[in-house]
Amino acid sequence: MSVDLAHIRQVMAEADCLFNHAEVEAAIGRVAAAINAELAERNPVVFCVMNGGLVFAGKLLPLLDFPLELSYLHATRYRNETRGGDLFWKAKPEISFIDRDVLIVDDILDEGHTLAAIVDFCRHEGASAVHTAVLVDKRHQRKAAPDLKADYAGLSCEDRYVFGYGMDYKGYWRNAAGIYAVKGL
Ligand SMILES: O=P(O)(O)OC[C@H]1O[C@H](OP(=O)(O)OP(=O)(O)O)[C@H](O)[C@@H]1O
Ligand code: HPA
């Protein structure tokens, strides 16, 4: 599929900045402090949810000051689109986490189907406790379950399609150094 780079550039030029670099970094610092306070003695396996969780995990991990193991998994529901579909596992966890605490790190809790499915998977596969951290929780009433929340959420954003800090618009702008909302979405 060919990509219209002019459109991709225009989306950034017209986007609304919801959180600038300093605001996002401060939020990541707060999440790290909370995790340090609560999980330091739990010897967790931290799973970065690819691709979106990459930037958040990369910023968060050096701020955690206790022993942990790192791995990744890749589950996707959006596949470079702006609407979610069925969850598709591109890579299931390879490291054993039976009887271990697991910390799932992802960029965004939107409708929450992705996080809920990953949490179910980890519990089913024998994790003793599953903790969740997201950079952004999107505010709306369409959550997969009404009480669905992450244990740690850096920021709460309005109900718009957002990108930056790992989150993509059509596969682009995961590298944006702030969190932006697409004009009109
Ligand atoms: O709460 P939900 O509505 O389920 O959406 C959140 C998920 O969607 C995005 O992943 P995506 O499917 O786009 O895969 P990607 O991270 O590879 O872009 C994001 O990284 C979350 O994992
Ligand atoms: O608003 C979003 N932006 C980027 N990726 C996403 N995945 C779910 N919601 C979003």
Side-chain angles (χ1 to χ4, degrees), residues 1 3 7-12 14-21 23-24 27-28 31 46-61 70-94 102-123 130-185:
M1 193 186 79
V3 175
H7 168 67
I8 296 296
R9 286 200 173 93
Q10 188 183 0
V11 163
M12 176 52 122
E14 294 178 341
D16 299 313
C17 181
L18 302 186
F19 301 101
N20 65 28
H21 181 256
E23 290 168 328
V24 182
I28 295 171
V31 171
V46 179
F47 282 102
C48 172
V49 182
M50 300 296 282
N51 289 313
L54 178 66
V55 177
F56 179 38
K59 296 272 183 168
L60 179 68
L61 282 160
L70 172 64
S71 189
Y72 71 93
L73 56 84
H74 195 173
T76 179
R77 202 164 93 69
Y78 287 77
R79 304 207 201 183
N80 293 347
E81 300 296 332
T82 55
R83 283 182 185 206
D86 293 335
L87 188 76
F88 176 74
W89 283 94
K90 287 190 165 175
K92 286 192 175 173
E94 287 201 331
V102 166
L103 172 63
I104 305 296
V105 177
D106 205 356
D107 51 356
I108 186 162
L109 176 57
D110 191 333
E111 295 179 2
H113 295 284
T114 307
L115 203 61
I118 291 169
V119 168
D120 283 352
F121 176 87
C122 292
R123 288 196 179 126
V130 185
H131 314 271
T132 53
V134 296
L135 180 56
V136 184
D137 184 1
K138 199 184 278 190
R139 289 189 302 276
H140 57 60
Q141 306 296 319
R142 302 185 305 282
K143 299 294 184 197
D147 55 349
L148 190 59
K149 290 240 176 299
D151 297 308
Y152 309 97
L155 297 161
S156 163
C157 81
E158 59 194 90
D159 189 12
R160 296 181 62 187
Y161 196 83
V162 293
F163 64 86
Y165 262 85
M167 295 173 283
D168 71 302
Y169 174 76
K170 298 191 175 175
Y172 282 82
W173 294 126
R174 292 187 196 273
N175 52 311
I179 295 177
Y180 296 84
V182 178
K183 182 184 174 189
L185 284 185

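Since we're looking at a predicted model, the values are computed, not measured. Remember, it's 1-based here, ligands and their atoms both numbered in the order they're listed.
At a 4.0 Å heavy-atom cut-off, ligand 1 does not touch Lys90 at all. At a heavy-atom distance under 4.0 Å, only side-chain atoms of His74, from C-beta outward, approach ligand 1. The backbone and the side chain of Ile108 each have at least one atom closer than 4.0 Å to an atom of ligand 1 (non-hydrogen atoms only).
Annotation for ligand 1: atoms under 4.0 Å from non-hydrogen atoms of Thr114 are 2 (P), 4 (O), 5 (O), 6 (C), 7 (C), 22 (O). Within the listing of ligand 1, atoms 11 (P), 12 (O), 14 (O) sit less than 4.0 angstrom from a heavy atom of Thr76. The atoms of ligand 1 that sit less than 4.0 Å from any heavy atom of Asp168 are 18 (O). Below 4.0 Å from some heavy atom of Asp110 lie the following atoms of ligand 1, by number and element: 1 (O), 2 (P), 3 (O), 5 (O).
Counting heavy atoms from C-beta outward, Val11 and Phe163 have side chains that approach closer than 4.5 Å. The shortest distance between side-chain heavy atoms of Asp110 and His140 falls below 4.5 Å. When side chains are defined from C-beta on, Trp173 does not count as touching Met167, because their heavy atoms never get closer than 4.5 Å.
Using a 4.0 Å cut-off between charged side-chain N and carboxylate O, Asp168 and Arg174 make a salt bridge.
Checked against a 3.5 angstrom limit, the closest N/O atoms of Gly112 and ligand 1 fall inside it. Taking only nitrogen or oxygen atoms, main chain and side chain alike, Gly52 reaches within less than 3.5 Å of ligand 1.
At least one donor-acceptor pair closer than 3.5 Å links the side chain of His74 to the backbone N or O of Met50. Looking at Thr132, its side chain does come within 3.5 Å of a backbone N or O of Asp151 through a donor-acceptor pair. For Trp89 (side chain) and Leu73 (main-chain N/O), no donor-acceptor pair under 3.5 Å exists by modelled atom type. In this structure, the side chain of Lys138 engages the main chain of Arg160 through a donor-acceptor pair within 3.5 Å. The main-chain N or O of Val130 is never found under 3.5 Å from a side-chain atom of Arg123 such that the two would form a donor-acceptor pair.
In terms of protein heavy-atom proximity, atom 12 (O) of ligand 1 is nearest to Arg77 N, 2.6 Å. Scanning the protein heavy atoms around atom 5 (O) of ligand 1, the nearest turns out to be Tyr78 CE1, 3.1 Å. Protein heavy atom closest to atom 21 (C) of ligand 1, with residue, atom name and distance, is Asp106 OD2, 3.2 Å. Among all non-hydrogen protein atoms, the one lying nearest atom 20 (O) of ligand 1 is Asp107 OD1, 2.6 Å.
Nearest heavy atom pair, residue Cys157 against residue Leu18, reads CB-CD1, 4.3 Å. When all heavy atoms of Phe121 and Pro93 are compared, the closest pair comes out as CE2-CD, 3.4 Å.
Heavy-atom distances between Arg174 and ligand 1 reach below 4.0 Å in at least one pair.
A distance of 9.0 Å separates CZ of Phe47 from CG of Leu70, quoted to the nearest 0.5 Å.
Side-chain contact of His7 with Tyr172: a donor-acceptor pair under 3.5 Å is absent, judged by distance alone.
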Between ligand 2 and the protein, which N/O pairs are shorter than 3.5 Å?
residue: ligand 2; atom: 1 (O); partner: Lys138; partner atom: NZ; Å: 2.8
residue: ligand 2; atom: 1 (O); partner: Val162; partner atom: N; Å: 3.1
residue: ligand 2; atom: 3 (N); partner: Val162; partner atom: O; Å: 2.5
residue: ligand 2; atom: 5 (N); partner: Tyr161; partner atom: OH; Å: 3.3
residue: ligand 2; atom: 9 (N); partner: Asp110; partner atom: OD2; Å: 2.7

